[in-house]
Amino acid sequence: MGFSRQEYWSGLPLPPRGDLPNPGIEPGSPTLADFSDEPCTLKMRFRNFQSILSWELKNHSVVPTHYTLWYTVMSKPEDMKVVKDCINITRSFCDLTHVWVNTTDMYVSRVVGFREKAELVNCMGSFFLESDRPLDPPEFEIVSFTNHISVNVKFQSIDPRILSEEELQFYLAFIEEHAGNSVKRYQPQITGNITENFNYVIDKLIPNTNYCVSVYFEPKDPRKINRSPLKCTLFQPRRESESSESATMGGIITLFLITAVFISTVMILKRIGYICLRNDFPKVLNFRRLSVWVFPELPPLEKVATVEVIHINRKKKVWNYNYDDESDAENEAAPCVNSGGYTKHGLTGRLCPASTTSASLEDCSDPNAEEPYLPEPKGDAETPMAPGPGPWQSEGTSGGYQTRGTLRQDPTSEEDSDSTERSEGRIVFNVNLNSVCVRALEDDKDSEVTLMSPSRPEETVVLEDLNETESSLSVASEERTQLPFTDPSMECLRPQDAPSDQSDTSESDVDMGDGYIVRQVNLKKFN
Amino acid sequence: MINKAFFEIVLVLLASSTVCSQELKVFLCQQRRVNQESLKLLNKLQTSSIQQCLPHRKNFLLPQKSVNPHQYQKGQVLAILHEMLQQIFNLFRAVVSLDGWEESHTEKFLVELHQQLEYLEALMKLQAKQKSDTLGSENIRLQVKMYFQRIRDYLESQDYSSCAWTIVQVEINRCLFLVFRLTRKLSEQGMET
């Protein structure tokens, strides 16, 4: 018995015709064919969920007076049992609801007819209840509404041994018939208790047509369908209701569309910030409630110190990397130039025209100030001043060239400017912090204000800086390898005034004393 | 934040559950057809033949309590169904070749049974992907196997007589309706899970 199913289909041998008779099948008959040699016919009926076995004699000539019913099952080799309620009964039917309970068994019944204790007839019939139960259709009512037909099915109380709920579910079916010979079948799902009434709604109906509905239980054997009689109703909805319904539907749809459009517009506007823009600041930024008394005086933001600016006017040449000539010129012009090639510039407060720009300058007493600077010393000595040359960006910015340019313009500007603020003792002019070290007057000599500026290749200013080391110098050294730095702590970078022939880089201990800004130039030799 | 793949996962789960329920419905419908075919075969039996074969009845001890669908999980039920249907198929095919039964109806029955087995195997593949709970089903499979072995032994002992085949056919019909009950329970459970 180990054949596979595929092998079977490859070729089926023709079996020899056996000697088993092949009777014809009569549809609509009970389980087994009705034979002529049987004196009576046995039928099984299911009415009101009761199994009733009835018999009918074929030959009405001999009529027994009493009947006794026996039965057995096919699955077990048992003897015939007698039905207790159907012993010597005169009626020709027997209620077997509670006797034949096992629906999967095949029951073989035997009816023995007596007449004055003489056995007249002996009929046998076998029944398989699972298939042989053409259930009687339940009673139902149909009600026609405006747009649907409601079918109300009434279930009587069922004996669960005959028909359980799940079995009933698979047995129920509807028929819907138009007047025009088209049939639709619905199978409702029964979920609730089977004893309750069941209501089913048939919609999608064509108006002004006659609908007939039939309810039946569909057993497993489709031949045994017992249809209920049709109940018909004329589906005739009102015309006005239809038009009003369509109008209301259109109105509802239009309203829905308008609402959707409106909501989408509002959402888009909110999204792009056109409306309902959030304008809530953090709490700390909310100054309305904050009284002015909280800050009676301004906190000291900066340390302001007065400085002296000493202008040294020097003729400057164009920075064309021709270092040979410039060194002499520088040395000649700068009064503070050391012999070692350092240029010292002092800034005095009384002096004057500093850089070209927006500074209001006084007339410099010394119009030859090379690079007038007005430092703006910061109170915090440690803060790097790399972003210092902010206001001077346009003039004395990064390149030494540009500073040169400013320097050249200085004499002219100095001459032109007449504004003096000498009375105030205060000069405001721009200083290129890239090229200067500043030191506050009040501070110790040892303290310094260091400037940190982005390194320029040509700006290698070695300044007297006592304690700080700047990384910018090292960066500059990378860029300009020819420029050794004597003191890596020097930070201030300035345009290279030193001529090329100067090879020494040495610090100059330039300390001019009070109020002077010391600038040390690292003169290099450029070849 | 909801995971972006969350919606895809939900869609896949819904689709798979729909597919599973659809497959179960198909399976159930096919089982009904199988049972109908079996009944057609049975309807060919005559009362006289049944009457004659009454003394040849035998109790094959169908494991009815074991086939109670309430106590098994889905995977085990599928295994039981597969075993039963496979055995019925083998039995019919083996005996049909021997006996002179009407081919068309028996073939119809076997065709429907074959289709049902295909659906069942597809369902089992689906079930195997989800979980593997077929460990407890070995016992019941063995019981089913022994039941069908008893049937085959009986047929052999009766020399494949027509009466024996009638008895066996009645028994198989009974078995198929138990299978139908199992299938129905499975479809109800499958739609719930």
Side-chain angles (χ1 to χ4, degrees), chain A residues 1-9 12-27 29-35 37-38 42 72-80 102-106 108 110 123-126 128-132 164 166-167 169-170 219-223, chain B residues 28 32 35-36 38-40 42-51 53-60 62 64 86-87 89-91 93-94 96-103 106-107 110-111 113-114 117-118 148-149 152 162 165-167 170-171 173-178 180-181 184-185 188:
Chain A
M1 301 286 179
F3 306 106
S4 68
R5 298 203 301 281
Q6 296 303 322
E7 287 175 7
Y8 170 71
W9 298 122
L12 187 66
L14 204 66
R17 293 287 172 187
D19 53 345
L20 192 73
N22 183 20
I25 306 295
E26 296 179 9
S29 63
T31 311
L32 302 181
D34 195 19
F35 297 106
D37 54 349
E38 290 284 341
L42 286 99
T72 185
V73 288
M74 283 291 287
S75 57
K76 299 174 200 175
E78 289 179 348
D79 294 332
M80 285 275 190
N102 196 0
T103 54
T104 56
D105 272 331
M106 177 173 271
V108 178
R110 187 176 172 189
C123 310
M124 286 195 77
S126 62
F128 189 67
L129 294 183
E130 282 274 351
S131 69
D132 279 341
S164 60
E166 56 247 18
E167 286 180 1
Q169 179 181 354
F170 288 88
K220 293 191 182 66
D221 195 353
R223 299 176 301 170
Chain B
L28 187 67
R32 290 189 82 181
N35 285 16
Q36 281 172 7
S38 164
L39 281 174
K40 282 181 197 169
L42 202 63
N43 289 335
K44 295 179 189 174
L45 297 174
Q46 303 171 21
T47 315
S48 60
S49 63
I50 290 188
Q51 199 173 353
C53 299
L54 276 177
H56 300 276
R57 287 173 295 170
K58 183 174 162 57
N59 189 7
F60 297 108
L62 174 67
Q64 207 162 352
Q86 183 76 48
Q87 292 282 349
F89 187 87
N90 291 343
L91 187 68
R93 198 206 45 223
V96 140
S97 60
L98 301 172
D99 243 345
W101 285 99
E102 184 152 330
E103 276 181 42
T106 318
E107 261 190 49
L110 284 171
V111 162
L113 193 56
H114 178 81
L117 276 163
E118 301 262 304
F148 279 96
Q149 189 58 41
R152 280 193 286 268
S162 58
W165 182 238
T166 307
I167 301 291
V170 169
E171 188 68 26
N173 201 31
R174 188 162 157 249
C175 188
L176 276 173
F177 277 89
L178 280 174
F180 184 74
R181 270 193 198 164
R184 220 160 48 198
K185 269 291 173 185
E188 286 171 9

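Numbers restart at 1 for each chain; the letters A, B, ... are given by sequence-line order, proteins then strands.
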Start with the C-alpha gap between B/Arg57 and A/Ser75, add the side-chain angles, then the distance that decides, and say whether side chain to side chain contact (heavy atoms under 4.5 Å, CB included) holds. CA-CA 7 Å; B/Arg57 287 173 295 170; A/Ser75 57; over 6 Å; no
Take A/Met124 and B/Leu54 through the side chain to side chain contact (heavy atoms under 4.5 Å, CB included) test and state the conclusion after the steps. CA-CA 12 Å; A/Met124 286 195 77; B/Leu54 276 177; 3.8 Å; yes
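A 4.5 Å side-chain heavy-atom check between B/Lys58 and A/Pro77 finds every atom pair outside the cut-off. The shortest side-chain heavy-atom distance between A/Met106 and B/Arg174 does not fall under the 4.5 Å cut-off.
Looking at B/Leu176, there are no atoms closer than 4.5 Å to chain A (heavy atoms on both sides), in backbone or side chain.
Residues meeting the side-chain contact (heavy atoms from CB on, under 4.5 Å) test with B/Gln149, sequence neighbours left out: B/Arg152, B/Asp153. In this view, B/Phe148 satisfies the ring pair (Phe, Tyr, Trp, His ring centres under 6.0 Å) rule with no residue, not counting sequence neighbours.
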